[in-house]
There are 2 protein chains.
Amino acid sequence: MEKQKLAIPKGYRKTRQREAILKVLEQAEYPINAEQIFMELRNRGIDISLSTVYRNLEMLTKEGLVVKSYMMNEDKARFALPDKKNYLVCEKCGKIVIIDNCPFDKFKEELIEVHGFEITGHSIEVYGVCPECQKK
Amino acid sequence: MEKQKLAIPKGYRKTRQREAILKVLEQAEYPINAEQIFMELRNRGIDISLSTVYRNLEMLTKEGLVVKSYMMNEDKARFALPDKKNYLVCEKCGKIVIIDNCPFDKFKEELIEVHGFEITGHSIEVYGVCPECQKK
DNA sequence: GGGCTTTTGCAAATGATTTGCAATATCAGT
DNA sequence: ACTGATATTGCAAATCATTTGCAAAAGCCC
Ligand SMILES: [Mn+2]
Ligand SMILES: [Mn+2]
Ligand SMILES: [Zn+2]
Ligand SMILES: [Zn+2]
């Protein structure tokens with residue numbers, strides 16, 4: 001099956017700003033924060049305000065198109081498309097690497113069985129030292 | 001081996017406030033935020049200021065005695081002893097259940113092999129609906 | 001107990017995120 | 001294409017969790 005094109009949810013209007021935010025998130029390699037999205041849009045010549053970025057991120061998150069997360073020692077939220085929500089972070093240089101084949105699915109069954117929860121989502125953050133930083 | 005008693009790290013002074021914060025965290029069943037710790041201390045008759053709570057949480061986190069985390073749709077940090085850092089959250093009622101046998105360890109090896117990271121820590125948050133809320 | 005350093009409390013500052021409001025844009029229905 | 005109803009935006013101001021400066025109080029080694 002094809003990687004399906006990201007569409008603005010039913011009931012919401014298609015605006016220049018909204019589409020541009022989604023495009024930035026599609027092209028991002030890992031979760032980024034509101035300010036970064038804002039600046040990237042400015043670089044691309046998109047006229048937008050920071051509050052519009054925040055308002056759209058809130059709605060996209062609520063609709064499940066985007067996943068919000070927090071990184072250790074940062075007090076800003078980051079946002080990413082769902083396929084980039086699990087990652088490794090280097091404690092030394094801050095490098096972020098996406099975990100592609102999410103290990104979590106294999107444990108879903110076990111968690112359901114043990115706790116009786118119906119599971120709707122998860123997020124995994126792993127800290128460590130990247131190969132480059134290990135050499136130093 | 002015994003569950004070792006939580007001690008204030010070498011080089012730091014033993015204060016009434018610091019010990020009380022640690023005790024609250026020891027007795028907590030899941031991660032709680034600074035304000036909750038503050039109010040619990042007040043309830044227990046401990047005279048303390050909110051900034052002292054924050055300052056101690058920062059130092060305890062830096063020293064690794066405490067783990068900081070963020071929950072979805074909350075903009076406050078939560079703190080817990082390391083054994084309570086992975087949890088399930090009910091999207092309906094907010095109930096939090098600790099994941100005792102952390103599934104992550106089984107994937108550590110695979111992550112190390114695939115990404116070359118030296119892994120120092122992780123945090124897992126799982127969202128879902130608890131058994132009680134499913135009945136409704 | 002004395003002296004030296006850390007810790008605390010309080011009030012003020014910070015900084016990310018949210019919100020009120022008036023202006024603008026989108027879109028469904030004509 | 002035009003219009004009205006409604007959603008969205010920009011800007012400035014408000015929020016609120018967290019941090020910080022500073023002077024007073026406490027802990028610790030001798
Ligand atoms: Mn996963
Ligand atoms: Mn904040
Ligand atoms: Zn690195
Ligand atoms: Zn529930």
Side-chain angles (χ1 to χ4, degrees), chain A residues 6-25 31-63 65-80 94, chain B residues 6-25 31-63 65-80 94:
Chain A
L6 220 34
I8 291 169
K10 188 91 184 188
Y12 294 96
R13 293 179 181 174
K14 179 166 137 182
T15 67
R16 181 171 46 79
Q17 295 90 330
R18 188 162 284 163
E19 295 204 298
I21 291 170
L22 273 177
K23 190 179 298 180
V24 167
L25 287 171
I32 52 182
N33 65 42
E35 184 86 34
Q36 292 173 310
I37 294 169
F38 174 66
M39 291 190 303
E40 176 59 25
L41 289 169
R42 285 280 161 109
N43 288 341
R44 297 185 184 191
I46 307 283
D47 197 14
I48 193 172
S49 80
L50 184 55
S51 32
T52 294
V53 173
Y54 273 111
R55 275 192 276 235
N56 275 292
L57 288 172
E58 182 190 20
M59 104 62 173
L60 292 169
T61 300
K62 185 179 327 184
E63 295 301 326
L65 276 84
V66 164
V67 179
K68 185 177 182 178
S69 64
Y70 286 90
M71 281 182 46
M72 202 47 56
N73 295 327
E74 261 190 13
D75 71 329
K76 317 175 226 208
R78 289 188 180 236
F79 301 85
Chain B
L6 219 35
I8 291 170
K10 188 90 184 195
Y12 294 97
R13 291 177 183 175
K14 182 165 135 183
T15 67
R16 181 173 45 80
Q17 295 90 330
R18 188 162 284 163
E19 295 204 298
I21 291 171
L22 272 176
K23 190 179 297 179
V24 167
L25 288 171
I32 51 183
N33 65 42
E35 185 87 34
Q36 292 173 308
I37 294 170
F38 174 68
M39 291 190 302
E40 176 58 25
L41 289 169
R42 284 279 161 109
N43 287 342
R44 298 184 184 192
I46 308 283
D47 196 14
I48 193 172
S49 80
L50 184 55
S51 31
T52 295
V53 173
Y54 274 111
R55 275 192 275 235
N56 275 291
L57 288 172
E58 182 190 20
M59 107 58 174
L60 292 169
T61 299
K62 185 178 327 184
E63 295 301 325
L65 276 84
V66 164
V67 179
K68 186 178 182 178
S69 64
Y70 286 89
M71 280 182 45
M72 203 46 57
N73 295 328
E74 261 189 15
D75 71 328
K76 318 176 227 211
R78 289 189 180 235
F79 301 85

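Lettering follows sequence order; numbering is per chain, from 1.
- Arg16(B) pairs with exactly one of Ile46(B), Ile21(B), Ile48(B) by the side-chain contact (heavy atoms from CB on, under 4.5 Å) rule, that one being Ile46(B).
- Residues Arg18(B) and Tyr12(B) approach most closely at NH1-CB, 3.6 Å, considering heavy atoms.
- Between Ser49(A) and dC11(D) there is no side-chain N or O to OP1 or OP2 distance below 4.0 Å.
- Rounded to an integer number of Å, the gap from Lys76(B) NZ to dT15(D) P is 16 Å.
- Rounded to whole angstrom, the span from the CG atom of Leu57(A) across to the P atom of dA16(C) amounts to 15 Å.
- Side-chain N/O atoms of Arg55(B) and base N/O atoms of dG9(C) include a donor-acceptor pair closer than 3.5 Å.
- For the pair Tyr70(A) OH and dG15(C) C1', the computed distance is 13 Å after rounding to whole Å.
- Checking dT18(D), dT9(D), dT8(C) against every side-chain atom of Thr15(B), the shortest atom distance belongs to dT8(C).
- At dT17(C), none of the side-chain N or O atoms of Asn33(A) fall inside 4.0 Å of OP1 or OP2 (strictly under the cut-off).
- At a threshold of 4.5 Å between non-hydrogen side-chain atoms, the residues Phe38(A) and Thr52(A) do not count as touching.
- Heavy-atom distances to DNA chain D give each of Thr52(A) and Ala34(B) a nearest nucleotide, and the one nearer the 5′ end belongs to Thr52(A).
- Taking atom CD1 of residue Ile8(A) and atom P of nucleotide dA7(D), one finds them 15 Å apart after rounding to whole Å.
- Salt-bridge annotation for Arg44(B) and Glu40(B): present, with a side-chain N of the basic residue lying under 4.0 Å from a carboxylate O of the acidic one.
- Residue side chain Arg13(A) reaches the base of dT6(D) through a donor-acceptor N/O pair under 3.5 Å, judged by distance alone.
- Contact annotation: Lys14(A) side-chain N/O to dT26(C) OP1/OP2 distance is not under 4.0 Å.
- Among the protein residues, Ser51(B) comes within range of the nucleic acid bases, having at least one heavy atom under 4.0 Å from a base atom.
- Comparing the local axis fitted to the first five base pairs of the helix from dG1(C)-dC30(D) to dT30(C)-dA1(D) with the one fitted to its last five gives a bend of 50°, rounded to 10°.
- An OP1 or OP2 oxygen of dG10(D) is reached within less than 4.0 angstrom by a side-chain nitrogen or oxygen of Gln17(A).
- Among the nucleotides dG10(D), dT17(C), dA11(C), the one closest to any side-chain atom of Leu50(A) is dT17(C).
- Rounded to a whole Å, the CZ atom of Arg18(B) is 11 Å from the P atom of dG27(D).
- Here dT17(C) presents its P atom at 15 Å from CD of Glu74(B), a figure rounded to the nearest Å.
- Side-chain N or O atoms of Glu63(A) include none that pairs as donor or acceptor with a backbone N or O of Leu60(A) at under 3.5 Å.
- For the pair Leu25(B)/Leu6(B), no side-chain contact is recorded, criterion being any heavy-atom separation below 4.5 Å from C-beta on.
- The phosphate of dT17(C) (OP1 or OP2) has a side-chain N or O of Tyr54(A) nearer than 4.0 angstrom.
- Distance Asn56(A) CG to dA7(D) P: 15 Å, rounded to the nearest Å.
- Per the geometry, CZ belonging to Arg42(B) stands 13 Å off C1' belonging to dT8(C), to the nearest Å.
- Residue Glu35(B) is classed as having no contact, given no heavy-atom separation below 4.0 Å to the nucleic acid.
- Nearest approach of Pro9(B) to Met59(B), heavy atoms of both residues: CD-CE, 4.1 Å.
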